[in-house]
2 protein chains.
Amino acid sequence: MRVRSFADRIGEFLPLSASEREAVEQVQGRSRSLRRGAVLVRENDRTSDLYVVSSGMMMSYVLLDDGSRQILRFLFPGDLTGASALAYAHSPECVAALCESVVCLFDRAQVAEVLARHPRLALALTAIDQAERAAMTDRLAGLGRTSAQARIAAVLLDIRDRLRRGGEDVERGFTLPLTQEEIGDASGLTAVHVNRMLRQLEEMGLIARHGTRVILADEARLKRAAKYVDRLSRVDLSWMVPAGA
Amino acid sequence: MRVRSFADRIGEFLPLSASEREAVEQVQGRSRSLRRGAVLVRENDRTSDLYVVSSGMMMSYVLLDDGSRQILRFLFPGDLTGASALAYAHSPECVAALCESVVCLFDRAQVAEVLARHPRLALALTAIDQAERAAMTDRLAGLGRTSAQARIAAVLLDIRDRLRRGGEDVERGFTLPLTQEEIGDASGLTAVHVNRMLRQLEEMGLIARHGTRVILADEARLKRAAKYVDRLSRVDLSWMVPAGA
DNA sequence: CGCGTACTTGATGTGCATCAAATGGTGTGG
DNA sequence: CCACACCATTTGATGCACATCAAGTACGCG
């Protein structure tokens, strides 16, 4: 099973000095295992922790009063969530495990202290945040202005990219770790319509499916269908001052 | 005309020490005036500045290749935008003025330097960011899972709240500074349907309209229709260490 | 083997888009 | 001051994308 620390994640954005890396690793908090379906945080829970996914796959979502659900984000190893604890006493969203997962809990006061002593880390965190914000704006535009087919294509590409960034081999297809209902809750559609769109993408030859495995058969056309933009590869922190000792 | 500096905005979240306030005010950069419709940043522009709206009203948005537009955020005096410059060399979104406006430009390197010397400011900025992220999740859930009527109601309440926070008197109604097309681009609807929904809200007695002015006639029911949550009033930074000298 | 959960497929309904045209307000040039 | 153009708003008619409802099928697991 893939495991990544938060230091690894920050390191992807910004080379860390030895003392910075040490500072991040020292704040490493308690681990907690979750089985599929387990809810780590409920909306409105009083929380003062931030979470980093160590292994597995999770999601954050909100529930509306009519019972419907909007998935906000899928969380993969290395991803930070619960940063809203830095501004709110109560969580604005739920977090739950999509499969067996392990998370690491950090107390916000400790995080704040480390950031105060290592300004570059604070900036790196801000940069990570901005990258996620950009991803979120893409999702917003997708929900507001693209077709069902485009949204499904976007979900498939997103999951594929993030599995790959986690080191999985996805070139010959991958097992989609989501039910069609979950895909629907992420893309603002019903499970039934997700099913039809998957079939449509299959009939168009953009993807192939064998049981639970998916192969992105015609990636170029799939990206066009999804109005895909690879933002992560464009992160650029080169303007930042280099690490000290 | 209402004017607010960025220090004012941060101060709403966190009481600043004299030296902190001074630090923020010293980095105050060049001002720039924009007339209605003027585009400050185009998507993919090379930028290294952050912007704070001083007066007026602006918006950030993305354009899709089919020509449609998704408005991501409305920007009011005191609001920060362009923070993506901290992570990207090229802007992921456009920014334009909705009426005569003034913005203040900050170079990211200067901002980074001030944040490094004043850790509490960095944390306050992170908190502001989190508050905006929470607002964005609400919009995401709105686009994915609520009806056209609810989205329009949400836009009206949002604009009202933010005008009020800027010190306008909105209790006896306010002039909606948006065309119906803009409301549609923010809520993922067509201008025609926005019109019908406004009429519907009017017929239901939730709002009243006279010319360009809108009155939120039955606020309680309007909030229920919008599935409204007032997140801003819940920001809580009391856990943070108090200001030094 | 039987049950629950996910997936699949068809029939029908509806919310919003699209197309089209009329109305009203506002600024501009004559 | 009026005529005109331009834009936002309004309203109606029609169409389609996606939701909803309803059955079935396949698969994993006690």
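Since we're looking at a predicted model, the values are computed, not measured. Residue numbers begin at 1 in each chain, while the letters A, B, ... track the order of the sequences.
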Step-by-step salt bridge (Lys or Arg N to Asp or Glu O under 4.0 Å) determination, Asp138(A) to Arg133(A): CA-CA 9 Å; Asp138(A) 289 339; Arg133(A) 170 201 279 270; over 6 Å; no
Determine whether Leu222(A) and Leu201(A) satisfy the following criterion, side chain to side chain contact (heavy atoms under 4.5 Å, CB included), listing intermediate values before the conclusion. CA-CA 8 Å; Leu222(A) 194 63; Leu201(A) 289 172; 4.2 Å; yes
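Under the rule for a side-chain hydrogen bond (donor to acceptor under 3.5 Å, both in side chains), the partners of Arg160(B) that lie at least two apart in sequence or sit in another chain are Glu219(B). Taking Ser147(A) as the reference, Gln149(A), Ala150(A) meet the side-chain contact (heavy atoms from CB on, under 4.5 Å) condition, with sequence neighbours excluded. Under the rule for a salt bridge (Lys or Arg N to Asp or Glu O under 4.0 Å), the partners of Arg36(A) that lie at least two apart in sequence or sit in another chain are Glu182(A). Judged as a salt bridge (Lys or Arg N to Asp or Glu O under 4.0 Å), and not counting sequence neighbours, Glu203(B) has no contacts. For Arg221(A), the salt bridge (Lys or Arg N to Asp or Glu O under 4.0 Å) criterion is met by Asp218(A), not counting sequence neighbours. Listed by chain and residue number, Asp79(A) satisfy the side-chain hydrogen bond (donor to acceptor under 3.5 Å, both in side chains) test with Arg162(A) (two or more places apart in sequence, or in another chain). Applying the salt bridge (Lys or Arg N to Asp or Glu O under 4.0 Å) test to Glu181(A) and every residue at least two apart in sequence or in another chain returns nothing.
Across its full length, the helix from dC1(C)-dG30(D) to dG30(C)-dC1(D) shows an angle of 30° between the axes of its 5 terminal pairs at either end, rounded to 10 degrees.
Here Met197(A) contributes atom CE and Leu189(A) contributes atom CG; the two are 8.0 Å apart, rounded to the nearest 0.5 Å.
Residue His193(A) contributes atom NE2, which lies 18 Å from atom P of dT14(C) at whole-angstrom precision.
Against DNA chain C, the stretch residues 143-157 of chain B makes heavy-atom approaches under 4.0 Å through Ser147(B), Ala148(B).
In 5' to 3' order, the nucleotides of DNA chain D bounding all contacts with chain B (an atom under 4.0 Å from a heavy atom) are dT9(D) to dA13(D).
Considering every non-hydrogen atom in both Ile71(B) and Ala186(B), the closest pair reads CB-CA, 3.8 Å. Contact detail for Val235(B) and Ala131(B): the closest heavy-atom pair is CG2-CB, 4.2 Å.
At the heavy-atom level, Gly184(B) lies nowhere under 4.0 Å from the strands shown.
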Restricting to nitrogen or oxygen on both sides, can you table the protein-nucleotides 6-11 of chain C pairs closer than 3.5 Å?
from    : atom 1 : to        : atom 2 : distance (Å)
dC7(C)  : OP2    : Gln180(A) : N      : 2.7
dT8(C)  : OP2    : Gln180(A) : NE2    : 2.6
dT8(C)  : OP2    : Asn195(A) : ND2    : 2.6
dT8(C)  : OP2    : Arg209(A) : NH1    : 3.3
dT8(C)  : O5'    : Asn195(A) : ND2    : 3.2
dT9(C)  : OP2    : Arg199(A) : NE     : 2.4
dT9(C)  : OP2    : Arg199(A) : NH2    : 2.4
dG10(C) : N7     : Arg196(A) : NH1    : 3.3
dG10(C) : O6     : Arg196(A) : NH2    : 3.2
dA11(C) : N6     : Arg196(A) : NH2    : 3.1

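Counting only residues at least two apart or in different chains, side chain to side chain donor-acceptor pair (under 3.5 Å) contacts with residues 66-76 of chain B comprise Asp66(B)-Ser68(B), Arg69(B)-Asp185(B), Arg73(B)-Glu132(B).
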